[in-house]
Visitor: 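Next up is a structure, given as C-alpha cells.
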Amino acid sequence: MTKRVLITGATDGIGLETAKRLVGEGHQVIIHGRNPEKIAAAKQQLLATQSDGWVETCQADLSRLNEVEALAKQLRARHSPLDVIINNAGILRSPTPVTPEGLDIRFVVNTLAPYLLARQLAAGLPPKARIINLSSAAQAPVEFAALKGEKPLDDMQAYAQSKLALTMWTRALSQRKENRDVVIVAVNPGSLLASKMVKEGFGVAGKSLAIGADILVKAALSGEFNDASGRYFDNDEGRFASPHQDALDDDKCAELVAMLEALLKGVG
C-alpha cells in the first residue's frame with residue numbers, strides 16, 4: 001500500500017538516502033530542507049528515480065520555532081493525511097550555537113522542533129500512522145538549565161542531552177490517550193554513519209548511509225514496528241533495546257515534556 005511520508009532534513013545524508021528508497025518503492029515522499037537550492041537539487045535526484053512515487057518539498061529553518069509552526073500548518077493544509085513522519089533533521093555543531101531566543105540550537109533542532117511538529121500533526125494522522133524520531137547511541141541526562149538556555153554546553157554534551165530528551169518525549173507522547181492509535185518510536189539509525197554531521201563532527205568518513213536508510217524504511221513500513229510505540233530501536237544492536245534509564249522513568253519523561261511545553265508557550 002502506498003504511504004505518504006514526510007522526512008525532515010532530507011536534502012542529504014540518511015534523510016535523502018531514505019527518501020530515495022521510499023520513492024523508488026512507489027511511495028509519496030515530502031522532503032523538508034532549509035536551503036532552497038539544496039531542496040531543489042534533492043528533488044531532482046528523487047525525480048530521476050524510475051518509479052511511480054512522487055515527490056513534494058517543504059522549507060523551514062527548524063532552529064526558528066515560528067517556522068516549525070508554519071510548516072505544520074502548511075503540511076496540514078496541503079499534505080494531510082500523512083502516514084509516516086520521520087523526524088530526521090539534527091545538528092551537532094553550528095557557528096551560532098545559541099538562537100536569537102537564547103536557546104541552545106541543538107535542543108531546538110533536535111528536541112523542540114520535532115516535538116512541536118509531532119504535537120501539531122498527531123491529531124490529523126490516520127490510525128496506525130507512525131512518527132519515527134531519530135535518536136542516537138549518544139544519550140546523556142538532560143540538564144534543565146541547559147535546556148532553558150541558562151547553562152552553556154559543549155557540542156557533544158548538547159547533542160547527547162538533546163537526543164535523550166527526544167527519546168524521553170517519544171515515550172511520553174506515546175502514552176497519551178489521544179495518541180493511542182499512532183506508533184511513536186525512537187530509532188538510533190546507527191553510530192558514525194557517513195553523514196555530513198559525522199564528517200564535520202568527528203573527522204571520519206563513516207559507515208554506509210544504507211545502514212541508516214534500511215532501518216528507517218523498515219520502521220516506516222514493516223510490521224515489526226506495529227506494536228513498537230514508546231520503544232527504542234538500537235540499530236547498532238539490530239534490535240529493540242533499553243535507552244538511557246531516564247527514558248524509562250515516566251515521571252522524568254513527564255517532567256521533561258512539561259518543560260518543553262513551557263518553552264513552547266506562545267508558539268502554536
Side-chain angles (χ1 to χ4, degrees), residues 1-60 62 71-72 74-90 114 117-118 121-122 124-135 181-190 193-199 205-226 228 233 235 238:
M1 183 180 295
T2 300
K3 300 292 185 181
R4 183 170 295 186
V5 184
L6 166 71
I7 308 176
T8 66
T11 57
D12 56 29
I14 301 170
L16 180 57
E17 187 66 24
T18 303
K20 289 177 181 177
R21 300 284 184 88
L22 291 169
V23 172
E25 292 181 17
H27 297 286
Q28 302 172 354
V29 179
I30 303 143
I31 60 169
H32 155 269
R34 182 174 58 88
N35 182 297
E37 284 116 16
K38 289 184 177 180
I39 294 171
K43 182 177 182 179
Q44 287 306 309
Q45 287 189 55
L46 295 172
L47 289 175
T49 303
Q50 298 300 312
S51 74
D52 294 327
W54 63 247
V55 183
E56 294 289 345
T57 66
C58 55
Q59 179 185 351
L62 299 188
L71 174 62
Q74 175 188 339
L75 290 166
R76 288 196 302 268
R78 292 177 51 192
H79 299 297
S80 185
L82 293 166
D83 298 296
V84 182
I85 298 168
I86 302 178
N87 281 313
N88 165 74
L117 200 59
L121 296 176
L125 298 179
K128 305 306 179 184
R130 299 181 182 184
I131 298 175
I132 301 162
N133 296 325
L134 263 73
S135 184
D181 292 330
V182 178
V183 174
I184 308 176
V185 62
V187 175
N188 165 30
L193 303 184
S195 65
K196 181 176 67 175
M197 183 191 307
V198 165
K199 292 172 185 176
K207 295 175 286 187
S208 172
L209 292 173
I211 295 170
D214 285 347
I215 190 56
L216 292 184
V217 170
K218 182 181 287 187
L221 306 176
S222 169
E224 182 180 346
F225 282 75
N226 283 347
F233 190 95
N235 204 31

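Reckoned from all heavy atoms, side chains included, excluding hydrogens, waters and symmetry mates. None of the values given here were measured: they were computed from a predicted structure.
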Visitor: Please find the pair of heavy atoms, one from Q74 and one from C58, that lie closest to each other, and give the distance.
Guide: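 The answer is NE2-CB, 3.7 Å.
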Visitor: Can you tell if the side chain of V5 reaches within under 4.5 Å of the side chain of T18, non-hydrogen atoms only?
Guide: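 No, their side chains stay 4.5 Å or more apart.
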Visitor: Working to the nearest 0.5 Å, report the span between CG of N133 and OG1 of T8.
Guide: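 N133 atom CG to T8 atom OG1 measures 9.0 Å (nearest 0.5 Å).
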Visitor: Would you compute the distance between atom NZ of K38 and atom CD1 of I31 and round it to the nearest 0.5 angstrom?
Guide: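 It is 12.5 Å, given to the nearest 0.5 Å.
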Visitor: Check whether any side-chain heavy atom of I7 sits under 4.5 Å from a side-chain heavy atom of L22, and report yes or no.
Guide: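 Yes - at least one pair of side-chain heavy atoms lies under 4.5 Å apart.
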Visitor: Nearest heavy-atom pair of N235 and P189: which atoms, and what distance?
Guide: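 Looks like ND2-O, 2.9 Å.
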Visitor: Taking T49 for its side chain and G24 for its backbone only, find out whether a donor-acceptor pair lies under 3.5 Å.
Guide: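 Flag not set: sc T49 to bb G24 has no pair under 3.5 Å.
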Visitor: Take a 6.0 Å sphere around CZ of R34 and say whether it holds more than 12 heavy atoms from other residues, nucleotides or ligands.
Guide: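 No, the 6.0 Å shell around CZ holds no more than 12 heavy atoms from other groups.
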Visitor: Any non-hydrogen side-chain atom of T11 less than 4.5 Å from a side-chain atom of N35?
Guide: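 SC-SC contact between T11 and N35 ruled out.
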Visitor: Just how far is it from atom CD1 of I39 to atom OG1 of T57, taken to the nearest 0.5 Å?
Guide: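 Answer rounded to 0.5 Å: 6.0 Å.
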Visitor: Would you call R21 and E17 a salt bridge, using N to O less than 4.0 angstrom?
Guide: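 Salt bridge flag = yes for E17 with R21.
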Visitor: Does D181 CG have over 12 foreign heavy atoms under 6.0 Å away?
Guide: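 Enclosed: over 12 neighbouring heavy atoms sit under 6.0 Å from CG of D181.
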Visitor: How long is the straight-line distance from CD of Q45 back to NZ of K20, given to the nearest 0.5 Å?
Guide: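 Reported value, rounded in 0.5 Å steps: 4.5 Å.
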Visitor: Below 4.5 Å, heavy atoms only, C-beta onward: do K128 and V183 meet side chain to side chain?
Guide: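 SC-SC contact between K128 and V183 ruled out.
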Visitor: Once rounded to the nearest 0.5 Å, what's the spacing between atom OG of S208 and atom CG of L193?
Guide: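 Rounded to the nearest 0.5 Å, the OG-CG separation comes to 8.0 Å.
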Visitor: If you look at every heavy atom in P126 and L82, which pair is closest and at what distance?
Guide: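 Scanning both residues, the minimum pair turns out to be CD-O, 3.0 Å.
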Visitor: Would you say L216 and L134 make side-chain contact, with heavy atoms under 4.5 Å?
Guide: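 Yes, at least one pair of side-chain atoms sits under 4.5 Å.
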Visitor: Hey, what do you get for CD (E25) to NZ (K3), rounding to the nearest 0.5 Å?
Guide: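 Atom-to-atom, E25:CD and K3:NZ are 12.5 Å apart.
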Visitor: Do I85 and L125 have side chains that get closer than 4.5 Å, going by heavy atoms?
Guide: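 Yes - at least one pair of side-chain heavy atoms lies under 4.5 Å apart.
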Visitor: If only atom types and distance count, is the side chain of N88 paired as donor or acceptor with the main-chain N or O of A10 below 3.5 Å?
Guide: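 A pair under 3.5 Å: no.
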Visitor: Walk me through it: do D83 and T2 pass the test side chain to side chain contact (heavy atoms under 4.5 Å, CB included)?
Guide: CA-CA 9 Å; D83 298 296; T2 300; over 6 Å; no
Visitor: Around atom NZ of K207, are there more than 12 heavy atoms of other residues, nucleotides or ligands at under 6.0 Å?
Guide: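 Yes, NZ of K207 has more than 12 neighbouring heavy atoms, counting only those of other groups under 6.0 Å.
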Visitor: Write down the atom of F233, the atom of E224, and the distance for their closest heavy-atom approach.
Guide: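 So the minimum-distance heavy-atom pair works out to CE1-OE2, 3.8 Å.
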Visitor: Can you tell me if H32 uses its side chain to pair, donor with acceptor, with the backbone of L6 under 3.5 Å?
Guide: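 Checking the backbone N and O of L6 against the side chain of H32, no donor-acceptor pair under 3.5 Å is found.
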Visitor: Is any side-chain heavy atom of R78 less than 4.5 Å from a side-chain heavy atom of I30?
Guide: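 They are not in contact (no side-chain heavy atoms under 4.5 Å apart), so the answer is no.
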Visitor: Would you check if V185 and R130 make a side-chain contact, meaning some heavy-atom pair closer than 4.5 Å?
Guide: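 No, side chains not in contact.
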Visitor: Which heavy atom of L209 sits nearest a heavy atom of S195, and at what distance?
Guide: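 For L209 versus S195, the nearest heavy atoms are CD2-N, 3.8 Å.
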Visitor: Can you name the nearest heavy-atom pair linking P36 to Q59, along with the distance?
Guide: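 Heavy atoms only, the tightest pair is CG-NE2, 3.5 Å.
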